[in-house]
Every structure is written in structure tokens, then in C-alpha cells.
Amino acid sequence: MPRFEPCLNFIGGTWCEPKTRQYGDNVNPANGEVLGLWARSGPDDLDDAVRAAREAQAAWRLVPAPERAKVLRRVADLLRERKDEIARTLTMEMGKVIEEARGEVQEAIDMADYMAGEGRRLFGQTTPSELPNKFAMSVRAPVGVVGIITPWNFPIAIASWKSLPAIVAGNAVVWKPAEETPLTARAFAEVYQEAGLPAGVLNVVYGDGPVVGEAMLDHPGIDVISFTGSTETGRHIASRAGANLKRVSLEMGGKNAITVLADADLDLAVEAILWSAYGTSGQRCTAASRVIVEHAVEGELLARLVPRVEALRVGDGLDPAVQVGPVIHEEALGKIQRYVDLGAQEGARLLTGGRRLTDGPLARGFYYAPTVFAGVRPEMRIAQEEIFGPVLAVMAVDSFEEAIQVNNGVQYGLSASIFTRDVNRVFQAMRDLDTGIVYVNAGTTGAEIHLPFGGTKATGNGHRDSGQAALDVFTEWKTIYVDYSGRLQRAQIDNN
Ligand SMILES: NC(=O)c1ccc[n+]([C@@H]2O[C@H](COP(=O)([O-])OP(=O)(O)OC[C@H]3O[C@@H](n4cnc5c(N)ncnc54)[C@H](O)[C@@H]3O)[C@@H](O)[C@H]2O)c1
Ligand SMILES: O=C[C@H](O)CS(=O)(=O)O
């Protein structure tokens with residue numbers, strides 16, 4: 001296994017060692033090998049990055065947006081050229097299977113293409129003034145310096161969802177990537193550099209969340225925090241940044257369900273459950289960790305599902321025949337096992353899985369058997385809490401109405417899916433499922449970049465990544481009145 005050069009910070013267009021002179025290990029979850037090191041930075045490194053970002057933003061905001069967009073177009077081209085190599089790196093440090101890693105890089109390419117188009121839109125409004133010879137409009141202005149904090153499970157897609165709209169809108173960025181995926185972050189920064197992004201417009205500061213991430217929340221030079229990660233961390237960020245009156249966009253955890261009604265196409269539902277529950281080893285925020293099925297078809301659904309789960313090929317994601325890779329680290333394995341033990345104690349029936357896999361080469365990595373629990377009740381902790389692993393809780397219900405109630409009866413609200421052939425039920429579900437994303441006759445994963453992405457309740461705080469909605473996080477509305485009457489006109493005088 002090649003050992004990569006240490007991942008250094010990227011500040012003001014230069015790759016630099018952390019002032020702490022400390023480094024962390026980057027471990028391949030497929031086999032426990034150390035791939036390389038990442039800079040374990042401190043607050044001083046963050047200060048340097050914020051200074052560089054502020055200086056760069058002063059000039060970048062004045063570059064016409066269509067010119068800014070040209071850099072994004074080159075980012076898309078360079079990502080296309082490096083797609084295979086970046087995908088392999090991503091699989092090595094994060095574990096997802098290679099075809100999913102390629103799909104993730106493609107998401108970043110799509111986002112770069114899409115946001116490059118925004119350079120010629122960034123639409124505001126023009127609207128009549130209530131006074132004669134006066135012009136009224138609103139324009140999007142950049143916010144300034146954007147702090148981006150990202151998780152390991154989608155190390156390039158999520159970074160692209162945040163950095164590309166921020167940059168095309170005229171902001172500069174300070175990005176703290178997840179500790180587990182530094183090489184993918186470095187590749188993305190290299191692409192920006194090669195694409196000709198001016199020095200300081202994108203800065204990368206590697207480090208621990210409680211050190212560098214925490215310092216970002218208090219830093220007076222950062223105007224907005226855009227965060228994706230766990231609800232626990234997001235809650236802390238919201239309170240801390242809120243006290244500093246910093247704008248915060250939060251995308252957090254999920255406990256997503258697939259509902260299968262009695263009239264559903266069961267083969268289609270099984271296919272969707274397989275990939276939504278076990279794709280990326282269940283480590284997607286949109287992963288299906290619950291199935292809600294009408295009693296009448298529960299037995300048949302399980303009879304078709306369980307053999308398919310047992311047939312999934314688990315192993316190193318670089319092997320194209322593998323369908324389920326490792327989970328991210330030993331700590332995640334421990335968390336998954338604790339929930340599985342809890343499920344059994346709560347009285348759920350373990351149908352398959354429920355153990356770490358250690359056969360042959362799997363012993364060196366962090367593998368968990370795809371797991372199915374049946375007989376789960378909605379109030380059980382395995383049906384309420386985010387496990388973030390390949391564990392599925394199947395619950396039987398008596399009616400459509402009960403299914404909606406169970407779907408909505410969790411603290412999270414990211415993605416939901418329903419399988420039925422009844423068009424009335426489809427439209428009722430579209431209205432009543434309390435999640436940011438609803439799928440009909442499809443699994444809970446597979447977001448498209450030109451639509452808003454995010455959730456309700458403890459999944460988010462009202463903002464969205466992706467689509468045009470992302471621009472609302474990274475811009476301020478500026479309202480402008482131009483009076484060309486040549487005399488002082490006074491609005492809001494009651495002439496009636
Ligand atoms: N809703 C979404 O769009 C979405 C997408 C992907 C992942 N997620 C969620 O992310 C979680 C998994 O990711 P994770 O384990 O990396 O999450 P995490 O919350 O542990 O870490 C996310 C990021 O926050 C940083 N961080 C940690 N403590 C911090 C602090 N005190 N201050 C500032 N930053 C801090 C980490 O270093 C990392 O970069 C899951 O809950 C998953 O559902 C949500
Ligand atoms: O988090 C990024 C993913 O693209 C979300 S999804 O699994 O495709 O919905």
C-alpha cells in the first residue's frame with residue numbers, strides 16, 4: 001500500500017505545515033493500514049486561514065460572477081479528468097465501494113457544472129417602486145467568509161455542495177474537512193488550485209473538530225458556518241454560533257423509513273430497501289434504517305428480503321465485486337454492536353447479521369454483517385436513534401394512517417419513501433410525510449444536486465444544501481432604491 005505524503009493545510013494558495021507540528025493518522029477502514037498523515041492544526045493556523053480568506057474575498061467579490069463561474073467550469077473539467085483516481089482515494093480512506101465513490105465524485109462534477117451556471121443567473125428581483133421616477137430592486141450580495149465543516153461519509157460531494165455556491169456568489173471559504181478523509185479533501189483543494197482559483201479564496205485547515213471546528217464558531221472573521229454532521233455536534237454549533245450572531249446552516253442526522261403498503265410491488269420494494277439500508281454500509285444520512293410494512297405483506301416481504309441481505313458481498317470496496325464495504329472505524333463497530341445488543345434486549349427478533357465479520361482478510365478491517373431486525377416496535381431505541389451502520393428495523397402496521405404516524409414519530413425528518421400503486425395514497429403521503437425529501441416507489445437515497453437537500457425537525461435548522469436554495473445560505477439580500485426624479489421624494493407619507 002503506498003504511503004501518501006502528509007496532508008498539509010492549504011492557506012493563501014500555499015501548502016503549509018501546521019504550526020502545532022502535529023499530525024494524525026489516516027487509516028484505511030478496509031484493512032487497518034495507515035495511508036498517511038494529516039495536519040493536526042491549532043487555532044493559530046485557523047487565524048492564518050481566515051486572514052488569507054478575508055484579504056482574498058475583498059478582491060474576489062468584485063470579479064464579475066460570470067468570470068467567477070469560469071473557474072467552476074474548470075473545476076468540473078479537472079474533476080472529470082481525475083474522477084477514477086479521486087474515487088479510489090475516497091474508497092481507500094472512507095471505505096465505500098468503488099462504484100459509489102465514482103458516483104460521489106460525479107455529484108461534485110454535477111454541482112460544479114450547475115453552480116457555474118449560477119454565475120450567469122444569481123437572480124434578484126426588480127419590482128415597481130410606489131413613487132414616480134424611482135427604481136427598486138434586490139440583489140444577492142456575498143456574505144464574506146464562509147466556514148465549512150464537513151463529515152467523512154460524503155467527503156467530496158458535501159464539500160462541493162457548500163464550497164461551490166459559496167465561491168460563485170463571491171465569498172471566500174475556510175474549510176475544515178473530517179479527520180477521517182483528508183486525502184479526498186486535498187484532491188479537491190488541488191483541483192481548485194489548478195483551476196485557477198485566486199489564492200486565499202479557498203483555504204483548508206485540517207484538524208480535530210473540538211479544536212479547529214470549535215475555534216471557527218468563535219472566530220470573528222468568519223461570517224457564516226455551513227455544517228453537515230451529527231445532530232449532537234450540530235446542536236452544539238447552533239448554540240455557540242448563535243451566541244456570536246453567526247449565521248449557521250445545519251444538515252444533521254436521520255432515521256429514514258421506507259413504507260411498504262399492501263398493494264406495493266414487493267420486488268421493487270426489496271430492491272430499494274437493499275440499497276437504501278446497506279449501500280455505503282448504512283452510513284448515509286438518507287439511509288433507510290426502518291421499514292414500515294402493512295401486516296398483510298410483512299411475511300412475504302421478509303421472505304424475499306432476508307435471503308437477498310444474506311447474499312450481499314461484504315469486503316474491500318476497491319474490489320468491484322464487493323457490494324458492502326467496511327464501516328468507518330472501530331468505534332463505529334462498537335456503537336453498532338451496542339445497538340444490536342440493545343435491540344435484542346428490547347425484544348426485537350434478529351433475523352440475520354448482528355455480528356462483526358472477521359473471516360479471512362475481513363479480520364483486519366472494520367466489517368459488520370448486514371443486519372435485519374423484525375418485530376420492532378416504534379418506541380424501541382433501535383427504531384428511534386441513528387445507528388449509522390447496516391442495521392434495519394422492520395415494523396408492522398395495520399393501516400396507511402398508522403404508517404405515516406410511525407414514519408413521523410421520530411426526532412429526525414430527512415428522507416422518507418413509500419411503495420404503493422394507489423395514487424390517492426401517494427398524494428396523501430407527499431402531503432403528510434414530515435421530511436425534507438420524499439420518494440415514491442424509490443429508495444430513500446439518491447439526491448440530485450439541482451434540488452434542495454435537507455430535513456425537518458432535528459435534521460436541520462431550516463436551511464438547505466444544493467439547488468438554488470443553497471444560495472440563500474451564502475448570500476445576503478441587498479435591497480436598492482434608485483431615485484431619478486431629481487427631487488427628494490418621501491415614501492410612507494400618508495397622502496390619503
Ligand atoms: N443531513 C445531511 O445532509 C447529512 C449528510 C451526511 C452526514 N450527515 C450526518 O453526519 C453524521 C456522520 O458524520 P460525522 O460522524 O463526521 O459527524 P460529526 O458531527 O462527528 O462530525 C462532523 C464534522 O464536525 C466536526 N466537529 C466535531 N466536533 C466539533 C465541534 N465541537 N465544533 C465544530 N466542529 C466539530 C468534525 O471534525 C467533522 O468535521 C451522521 O449523523 C449523519 O447523519 C448528515
Ligand atoms: O449526502 C450525500 C448523498 O448524496 C445523499 S444521498 O444518499 O444521495 O441521498
Side-chain angles (χ1 to χ4, degrees), residues 24 38 40-41 46 94 96 100 103-108 110-111 147-162 175-182 185 204-219 222 225-241 248-256 275-276 279-280 282-289 327-329 331-332 335 385-389 412-415 417 435-437 439 442-449 451-461 463-466 470:
W38 48 270
R40 196 157 231 153
S41 315
L46 178 69
M94 185 276 162
K96 68 176 62 175
E100 290 180 2
E104 182 180 342
V105 180
Q106 186 59 46
E107 249 187 79
D110 293 343
M111 194 65 183
I148 290 178
I149 303 176
T150 51
W152 47 265
N153 70 329
F154 275 86
I156 193 164
I158 291 175
S160 79
W161 291 0
K162 296 175 186 301
W175 174 26
K176 194 211 83 65
E179 294 85 324
E180 294 84 353
T181 47
V204 180
V205 183
Y206 293 102
D208 292 301
V211 178
V212 175
E214 193 75 28
M216 288 168 79
L217 312 180
D218 286 333
H219 204 296
I222 294 180
I225 298 282
S226 177
F227 165 83
T228 296
S230 64
T231 296
E232 190 189 356
T233 308
R235 205 182 288 280
H236 168 71
I237 289 176
S239 63
R240 190 72 176 265
V248 185
S249 161
L250 304 170
E251 301 297 340
M252 301 174 284
K255 190 72 190 174
N256 315 293
W275 298 116
S276 298
T280 324
Q283 302 170 114
R284 285 183 181 228
C285 50
T286 50
S289 53
V327 298
I328 188 70
H329 40 43
E331 197 188 327
K335 180 180 173 193
E385 297 173 21
E386 188 182 48
I387 302 171
F388 225 53
Y412 301 107
L414 184 52
S415 181
S417 132
T435 52
I437 306 168
Y439 288 94
T444 50
T445 63
E448 300 184 29
I449 57 86
L451 290 144
F453 184 95
T456 62
K457 302 189 284 187
T459 295
N461 68 336
H463 293 285
R464 291 291 184 267
D465 273 338
S466 259

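Whatever order the structure lists ligands and atoms in, that order sets their numbers, starting from 1.
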TODO: State the atoms of ligand 1, each with its element, that fall below the 4.0 Å cut-off from a heavy-atom position in Gly213.
DONE: 32 (N), 33 (C), 34 (N)
- [ ] Hey, could you give me the NE2/CD distance between His329 and Glu180, rounded to the nearest 0.5 Å?
- [x] 4.5 Å
Task: Contacting atoms of ligand 2, where contact means under 4.0 angstrom from a heavy atom of Gly446 - done: 6 (S), 7 (O), 8 (O), 9 (O)
Open item on the list: Is atom 21 (O) of ligand 1 touching the protein, meaning some protein heavy atom lies under 4.0 Å away?
Closed with: no
Task: Proximal atoms of ligand 2 relative to Phe453 (non-hydrogen, under 4.0 Å) - done: 5 (C), 9 (O)
Open item on the list: Evaluate Glu386 for polar contact with ligand 1, using N/O atom pairs at a separation under 3.5 Å.
Closed with: yes
TODO: Give the atoms of ligand 1, by number and element, whose distance to some non-hydrogen atom of Thr228 is under 4.0 Å.
DONE: 2 (C), 3 (O), 4 (C), 5 (C), 6 (C), 7 (C), 8 (N), 22 (C), 44 (C)
- [ ] Report, in ascending order of atom number, the atoms of ligand 1 lying under 4.0 Å from any heavy atom of Gly253.
- [x] 41 (O), 43 (O)
Open item on the list: So, taking the atom named CD1 in Ile148 and the one named CD1 in Ile158, what distance separates them when rounded to the nearest 0.5 Å?
Closed with: 11.5 Å
- [ ] Please identify which atoms of ligand 1 are closer than 4.0 Å to at least one heavy atom of Asn153.
- [x] 6 (C), 7 (C)
Task: Side chain proximity check, Ile328 to Asn153, heavy atoms < 4.5 angstrom - done: no
Task: Minimum side-chain heavy-atom gap Glu104-Pro155 below 4.5 Å - done: yes
Open item on the list: Rounded to the nearest 0.5 Å, what separates atom CD in Glu251 from atom CG in Asn461?
Closed with: 7.5 Å
Open item on the list: Could you tell me, atom by atom, which parts of ligand 2 come under 4.0 Å of a heavy atom of Trp161?
Closed with: 1 (O), 2 (C), 4 (O)
- [ ] Check if Ala157 has a non-hydrogen atom at a distance under 4.0 Å from any atom of ligand 2.
- [x] no
Open item on the list: To check your reading of the model: name the closest protein heavy atom to atom 13 (O) of ligand 1, its residue, and the distance in Å.
Closed with: Pro151 CB, 3.4 Å
- [ ] Examine Cys285 against ligand 2 and note whether any of their N/O atoms are separated by less than 3.5 Å.
- [x] no
Task: Proximity to ligand 1 by part of His236, non-hydrogen separation under 4.0 Å - done: side chain
Task: From Glu104, Glu448, Glu251, Arg284 - option closest to atom 7 (O) of ligand 2 by heavy atom - done: Arg284
Task: Mode of Glu179 contact toward ligand 1 - side chain, backbone, both, neither (heavy atoms, under 4.0 Å) - done: side chain
Task: Which of the ligand 1 atoms, numbered from 1, are nearer than 4.0 Å to a heavy atom of Met252 - done: 1 (N), 2 (C), 4 (C), 43 (O), 44 (C)
- [ ] Could you name the option among Gly207, Cys285, Gly254 that has the heavy atom nearest to atom 4 (C) of ligand 1?
- [x] Cys285
TODO: Note the single closest protein heavy atom to atom 12 (C) of ligand 1, along with its residue, its atom name and the distance in Å.
DONE: Phe388 CE2, 3.6 Å
Task: Nitrogen or oxygen of Glu107 less than 3.5 angstrom from that of ligand 2 - done: yes
Open item on the list: Under 4.0 Å from a heavy atom of Thr445: which atoms of ligand 2 are those, numbered in the order shown and with their elements?
Closed with: 7 (O), 9 (O)
TODO: Measure the spacing between CG of Asp465 and CG of Leu451 and express it to the nearest 0.5 Å.
DONE: 13.0 Å
Task: atom 1 (O) of ligand 2: the protein heavy-atom neighbour that sits closest, reported with distance to 0.1 Å - done: Phe154 CD1, 3.4 Å
Open item on the list: Please state which option from Trp161, Trp152, Tyr412, Tyr206 has its nearest heavy atom closest to atom 16 (O) of ligand 1.
Closed with: Trp152
Task: Short side-chain donor-acceptor distance under 3.5 Å, Thr228 and Lys162 - done: yes
Open item on the list: Any non-hydrogen side-chain atom of Thr150 less than 4.5 Å from a side-chain atom of Trp175?
Closed with: yes
TODO: Provide the number and element of each atom of ligand 1 under 4.0 Å from a heavy atom of Thr150.
DONE: 23 (C), 38 (C), 39 (O)
Task: Distance filter under 4.0 Å to Phe227 heavy atoms, resulting ligand 1 atoms - done: 19 (O), 22 (C), 23 (C), 24 (O)
- [ ] Check each atom of ligand 1 against the heavy atoms of Gly209 and keep those under 4.0 Å away; list them by number with element.
- [x] 25 (C), 26 (N), 27 (C), 28 (N), 29 (C), 30 (C), 32 (N), 33 (C), 34 (N), 35 (C), 37 (O)
Open item on the list: Below 4.0 Å from ligand 1: does a non-hydrogen atom of Phe154 turn up there or not?
Closed with: no
- [ ] Would you indicate whether the side-chain heavy atoms of Phe154 and Met94 approach each other to under 4.5 Å?
- [x] no
Task: atom 9 (C) of ligand 1: nearest protein contact (heavy atom, Å) - done: Gly229 O, 3.1 Å
Task: atom 9 (O) of ligand 2 - nearest protein heavy atom and its distance - done: Thr286 OG1, 2.9 Å
Open item on the list: Give me the residue, atom name and distance of the protein heavy atom closest to atom 17 (O) of ligand 1.
Closed with: Ser230 N, 3.3 Å
Open item on the list: So is Ala178 touching ligand 1 or not, going by heavy atoms under 4.0 Å?
Closed with: yes
- [ ] Determine whether Glu386 and Thr231 make a side-chain contact, defined as any pair of heavy atoms from C-beta on separated by less than 4.5 Å.
- [x] no
- [ ] Fit a plane to each ring of Trp152 and Phe388, take the angle between them on a 0 to 90° scale, and name the class: parallel (under 30°), tilted (30 to 60°) or perpendicular (over 60°).
- [x] perpendicular
Open item on the list: Just verifying a value: how many Å separate Ile449 CD1 and Trp161 CH2, rounded to the nearest 0.5 Å?
Closed with: 10.0 Å
Open item on the list: Could you identify the single nearest non-hydrogen protein atom to atom 31 (N) of ligand 1 and state the distance to 0.1 Å?
Closed with: Glu214 OE1, 2.7 Å
- [ ] Between Thr233, Ile149, Ile237, Thr181, flag the one that comes closest to atom 28 (N) of ligand 1 by a heavy atom.
- [x] Thr233
Task: Identity and separation of the nearest protein heavy atom to atom 3 (O) of ligand 1 - done: Phe453 CE2, 3.1 Å
Open item on the list: If I take atom CZ from residue Arg284 and atom CH2 from residue Trp275, how far apart are they, to the nearest 0.5 angstrom?
Closed with: 11.0 Å
Open item on the list: I need the contact type for Trp275 against ligand 2. Using non-hydrogen atoms and a strict under-4.0 Å cut-off, is it side chain, backbone, both or neither?
Closed with: neither
Task: Region of Glu180 engaging ligand 1 - heavy atom pairs below 4.0 Å - done: neither
